[in-house]
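Basis for what follows: all heavy atoms, side chains included, without hydrogens, waters or symmetry-related copies. Small disclaimer: the values here were computed from a predicted structure and weren't measured. Throughout, a chain's letter reflects where its sequence line sits, starting with A, and its residues are numbered from 1.
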Number of protein chains: 2
Amino acid sequence: MSENKQPTIYDVSERAGVSLATVSRVVNNNGKVKEETKRKVLKAIKELNYRPNAMAKGLASSKTTMVGMMVPDLTDLYFAELAQGIDAVAKIYDYSVSLSVSDNNPTAGKEAFETLMSQHVDGIVYIGNKTSQEMFDLLKSSPVPVVFAGSVAQDGKLPSVNIDYVQAFQQAGDILKQHLSDTQIALVDNPGESGLSALRQQGFLKAVSKGKIYESEDDYRSGYNLAHHLLEDGIKGVIVGEDEPAIGILNYMLDNHVKVPADFQIISSNDTKLVKMTRPAISSVTQPEFDIGAVSMRLLTKLMSGDPVDDPTVILPHEFVLKDTTL
Amino acid sequence: MSENKQPTIYDVSERAGVSLATVSRVVNNNGKVKEETKRKVLKAIKELNYRPNAMAKGLASSKTTMVGMMVPDLTDLYFAELAQGIDAVAKIYDYSVSLSVSDNNPTAGKEAFETLMSQHVDGIVYIGNKTSQEMFDLLKSSPVPVVFAGSVAQDGKLPSVNIDYVQAFQQAGDILKQHLSDTQIALVDNPGESGLSALRQQGFLKAVSKGKIYESEDDYRSGYNLAHHLLEDGIKGVIVGEDEPAIGILNYMLDNHVKVPADFQIISSNDTKLVKMTRPAISSVTQPEFDIGAVSMRLLTKLMSGDPVDDPTVILPHEFVLKDTTL
DNA sequence: TTGTAAGCGTTATCAT
DNA sequence: ATGATAACGCTTACAA
């Protein structure tokens, strides 16, 4: 931990024998600079190991090249995979990312947002389920662009990146209907989830008009605890909105000697790496989480630089992988 | 996205009829300010919805109240859980966190570090396996404090937070030795992992002096692919350094009708939520990931404010949960 | 207790 | 093509 303070642009200009302005020009690669001067400056920069001070730059230019990433829970693999995509593209465009775990807590969310505002981030990628109306209003009031990654704003017209949940859940319903009747099929979802659960429900009901709908949280335990109700109600196949509760349901069945998929079928939909790790492996909607994150961040870069954007709500393709929890 | 620019400290001082300095004093709660003046200022702040500009503040005070968090991969649940702990404590101490996914790539790691330096973070929490010597040197040269969370520096004496891996792996070895002989027991680990794998190995060999050691990556597939070698070599029980390869091994056994735990035992050691989700559930070292992250961040706050720190290398307690992959 | 004013390290506008 | 110099919004001696 050496203590010599960082060299400034002033040191560079002195060493290179040019003015501050010129150094700034070569650092930011704008304005005309003679090749030779440029070389001198670059040399001085290298020798001093000069790094521009991001704060000073931000203050002077009112651009921070920093984006905020709001995420409810990093230990939810779906979110983690989105985050990786976001981070990867942020790196490409030289944005740093300020992380804020909002914990699905409205207060924490509000504070996180405030922090991002005082940091003067140039934009925000918002990942969220259970987004409160208050939070939406806050986000809508943002002076910088906001993109919803893997979630939609309630009014459905803020920039966002998702798969076509209506279609996906209709297809999932159709798959279960091949062997089951409507009343034997259920949807298990977390209704708190932004506008997404409404879309899922809509798709589900398109295929399974008399299908029943159960609520669960996003975690393993909720699924496990819900499972016996499903059995009591004569449900023989479920579509689950999140992977962890899907695994909870699966394990309950296994622990209670219910044969999967013979007597109980499961389709999950977040397609995290979890679904490959269970036995039987879980049949699932396949979605490009990484890409959803990546495209969200790319969209944000466009928004931030005022580039034209054809459609701010982008839909990415999904597929199905039918493994061993469906017939 | 309204466009009225943010109010500054100047607007507040004007509205409250006091000087900049006074506003600054009440905002930072230092220096003496008369109760009445304070009230006036607070009122103005509220009315204008004033938020201090973090960059200006950072520039002027050369403190950013921002820490860097370097992590190789967010989709590794062990890291994600550490990150949650770090974030939680950062919030408590009002630090924002600048995220950098280093991807186990030395170049990316170096760039991430550079970015944090130009952001002038006040400190860094480093999470990493496979840390290159170059990266260590870089971290050691940091002008701000660095804490290793869930990993140790090669020379073992930089600030870090971990469990006692030597003891844990010795205990794990002892557990398997209850039903198996030395030559039937193996350690599966990723030797690239900072200094940790050396410690694990050391503990393992203490209990199982003639035990064999296999290398694997940190992912599911590596474990799955390694499994048949274990069988061919007559191994009947393994201790695995990471959960995902442990599950890979487990699933290979299941897929090939090897009875677990009767004919093959497994103990894993990262204790992510994954180990509860398999069937049979995996026996595992139990470690307080969240706390490791939390304590790391807390340690960093002390280091950053120059508080005395008794021992910079802290060891947190671990336990064992023997579920269904051990006899 | 409160105010004045000099930085902090850049960018950006004018000149030259 | 290059250089001065005034911002940017805040903190912090130093004065008052």
Side-chain angles (χ1 to χ4, degrees), chain A residues 4-42 44-45 48-66 94 96 115 117-122 143, chain B residues 4-42 44-45 48-66 94 96 115 117-122 143:
Chain A
N4 317 329
K5 65 179 53 136
Q6 302 286 324
T8 72
I9 196 173
Y10 190 82
D11 301 318
V12 175
S13 84
E14 195 170 65
R15 177 162 198 131
V18 300
S19 73
L20 297 187
T22 302
V23 177
S24 178
R25 287 188 188 100
V26 353
V27 167
N28 297 295
N29 217 335
N30 66 23
K32 317 271 89 184
V33 183
K34 212 196 301 177
E35 265 307 316
E36 190 195 327
T37 347
K38 189 172 191 170
R39 233 190 315 278
K40 276 195 305 191
V41 172
L42 254 16
I45 288 178
L48 293 170
N49 189 25
Y50 164 74
R51 286 190 215 91
N53 180 318
M55 287 174 297
K57 183 167 185 162
L59 230 208
S61 67
S62 61
K63 294 221 153 302
T64 50
T65 57
M66 173 160 76
D94 270 320
S96 60
T115 301
M117 288 300 103
S118 43
Q119 290 185 121
H120 283 243
V121 294
D122 295 336
Chain B
N4 319 329
K5 64 179 53 138
Q6 301 285 325
T8 73
I9 197 172
Y10 190 82
D11 300 318
V12 176
S13 83
E14 194 169 64
R15 177 163 197 131
V18 300
S19 74
L20 297 188
T22 302
V23 177
S24 175
R25 289 190 186 98
V26 353
V27 168
N28 298 295
N29 217 335
N30 66 25
K32 318 271 89 185
V33 183
K34 211 197 300 176
E35 264 310 315
E36 192 195 328
T37 344
K38 189 172 192 169
R39 235 189 314 279
K40 277 195 304 189
V41 172
L42 255 15
I45 287 178
L48 293 171
N49 189 26
Y50 165 74
R51 285 190 215 91
N53 180 319
M55 288 175 294
K57 183 167 185 162
L59 232 206
S61 66
S62 59
K63 293 221 153 302
T64 50
T65 59
M66 174 160 76
D94 270 322
S96 60
T115 302
M117 288 301 103
S118 42
Q119 289 183 122
H120 283 243
V121 294
D122 295 337

Peer 1: Just how far, in rounded Å, is C1' of dA1(D) from CG of N30(A)?
Peer 2: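 So the CG-C1' distance, N30(A) to dA1(D), works out to 13 Å.
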
Peer 1: Given dG3(C), dG9(D), dT10(C), identify the nucleotide with an atom nearest to the side chain of S19(B).
Peer 2: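 So the side chain of S19(B) is nearest to dG3(C).
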
Peer 1: Please classify the nucleic acid contact of V27(A) as base, sugar-phosphate, or nothing, using heavy-atom distances under 4.0 Å.
Peer 2: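 Nothing, no heavy atom under 4.0 Å.
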
Peer 1: Given atom CG of N29(A) and atom P of dA1(D), what is their separation to the nearest angstrom?
Peer 2: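 My rounded result for the distance is 14 Å.
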
Peer 1: Between dT10(C), dG3(C), dG3(D), which nucleotide gets closest to the side-chain atoms of A21(A)?
Peer 2: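 Closest nucleotide to the A21(A) side chain: dG3(D).
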
Peer 1: Could you tell me the separation between the CE atom of M55(A) and the P atom of dC10(D), rounded to a whole number of Å?
Peer 2: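 After rounding, the gap between these two atoms is 14 Å.
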
Peer 1: Considering only side-chain heavy atoms of I9(A), which listed nucleotide, dT2(C), dT11(C), dT11(D), is closest?
Peer 2: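 Among dT2(C), dT11(C), dT11(D), the one nearest the side chain of I9(A) is dT11(C).
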
Peer 1: Under 4.0 Å between a side-chain N/O of S61(B) and OP1 or OP2 of dT11(D), yes or no?
Peer 2: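 For S61(B), the contact criterion (side-chain N or O under 4.0 Å from OP1 or OP2 of dT11(D)) is not met.
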
Peer 1: Which nucleotide sits closest to the side chain of L20(A): dT5(D), dT1(C), dG9(D)?
Peer 2: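 For the L20(A) side chain, the nearest candidate turns out to be dT5(D).
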
Peer 1: Kindly indicate whether the side chain of N28(A), heavy atoms from C-beta on, has any atom under 4.5 Å from the side chain of K57(A).
Peer 2: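 Yes; the side chains approach each other to less than 4.5 Å.
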
Peer 1: For T64(A) versus V121(A), what's the shortest heavy-atom pair and its separation?
Peer 2: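 Reported closest heavy-atom pair: OG1-CA, 3.6 Å.
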
Peer 1: Is any side-chain heavy atom of Q6(B) less than 4.5 Å from a side-chain heavy atom of N53(B)?
Peer 2: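 The answer is no; the side chains never approach within 4.5 Å.
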
Peer 1: Which atom pair, heavy atoms only, marks the closest approach of V33(B) to K38(B)?
Peer 2: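 Minimum heavy-atom contact is CG1-N, 3.9 Å.
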
Peer 1: With sugar-phosphate meaning primed atoms plus P, OP1 and OP2, does K32(B) contact a base, only sugar-phosphate, or nothing at under 4.0 Å between heavy atoms?
Peer 2: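 It contacts base atoms.
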
Peer 1: Which heavy-atom pair separates H120(A) from M55(B) by the least distance, and what is that distance?
Peer 2: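 Scanning both residues completely, I find the closest heavy atoms to be CB-CE, 3.6 Å.
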
Peer 1: Relative to the 5' end of DNA chain D, which residue comes earlier, L59(B) or R25(B), by the nucleotide with the nearest heavy atom?
Peer 2: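 Between the two, 5'-proximity favours L59(B).
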
Peer 1: Please report the distance, rounded to the nearest Å, between CZ in R51(B) and P in dC10(D).
Peer 2: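 Rounded to the whole Å, the gap is 12 Å.
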
Peer 1: Give the rounded distance in Å between these two atoms: NZ of K63(A) and C1' of dA12(C).
Peer 2: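 Nearest whole value for this atom pair: 14 Å.
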
Peer 1: Measure from the side chain of A60(B), starting at C-beta and using heavy atoms only, and say which of dG3(C), dT11(C), dC8(C) lies closest.
Peer 2: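 Closest nucleotide among those given: dC8(C).
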
Peer 1: Please report, rounded to the nearest Å, how far the C1' atom of dG9(D) is from the CG atom of D11(B).
Peer 2: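 Checked: the CG to C1' distance equals 10 Å.
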
Peer 1: Answer whether the closest heavy-atom distance between the side chains of D94(B) and T65(B) falls below 4.5 Å.
Peer 2: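 Contact flag for D94(B)/T65(B) side chains = no.
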
Peer 1: Report the distance from atom NZ of K32(B) to atom OG1 of T37(B), rounding to the nearest 0.5 Å.
Peer 2: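 Spacing of NZ (K32(B)) from OG1 (T37(B)) equals 12.5 Å.
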
Peer 1: Could you tell me whether the phosphate oxygens of dT11(C), OP1 or OP2, come under 4.0 Å of any side-chain nitrogen or oxygen in S24(A)?
Peer 2: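 Yes, such a contact exists.
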
Peer 1: Rounded to whole angstrom units, what separation is found between the CG atom of N53(B) and the C1' atom of dC8(C)?
Peer 2: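 From N53(B) CG to dC8(C) C1': 13 Å.
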
Peer 1: What is the minimum heavy-atom distance between K63(A) and D122(A), and which atoms define it?
Peer 2: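 Heavy atoms only, the tightest pair is CA-OD1, 3.7 Å.
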
Peer 1: How close do A44(A) and A16(A) get, heavy atom to heavy atom, and via which atoms?
Peer 2: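 Heavy atoms only, the tightest pair is CB-CB, 4.0 Å.
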
Peer 1: Using only side-chain N and O atoms of Y10(B), determine if any of them is under 4.0 Å from OP1 or OP2 of dA7(D).
Peer 2: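 Answer no for this pair, as no side-chain N or O of Y10(B) is under 4.0 Å from OP1 or OP2.
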
Peer 1: Output the rounded distance in Å from CG (N28(B)) to C1' (dA13(D)).
Peer 2: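 These atoms are roughly 15 Å apart.
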
Peer 1: Using both pair distances under 3.5 Å as the test, note the stems of at least 3 consecutive Watson-Crick or G-U pairs that include DNA chain D.
Peer 2: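 Correct response: C:1-16 with D:1-16.
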
Peer 1: Using side-chain contact (heavy atoms from CB on, under 4.5 Å) as the criterion, point out the one residue from D11(B), V12(B), V41(B) that pairs with Y50(B).
Peer 2: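 Passing option: V12(B).
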
Peer 1: Among residues 33-41 of chain B, which residues get a heavy atom nearer than 4.0 Å to DNA chain D?
Peer 2: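 Within residues 33-41 of chain B, no residue comes under 4.0 Å of DNA chain D.
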
Peer 1: Report the residue (Y50(A) or G17(B)) whose heavy-atom-nearest nucleotide on DNA chain C is the more 5′ of the two.
Peer 2: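 Nearer the 5' end of the strand: G17(B).
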
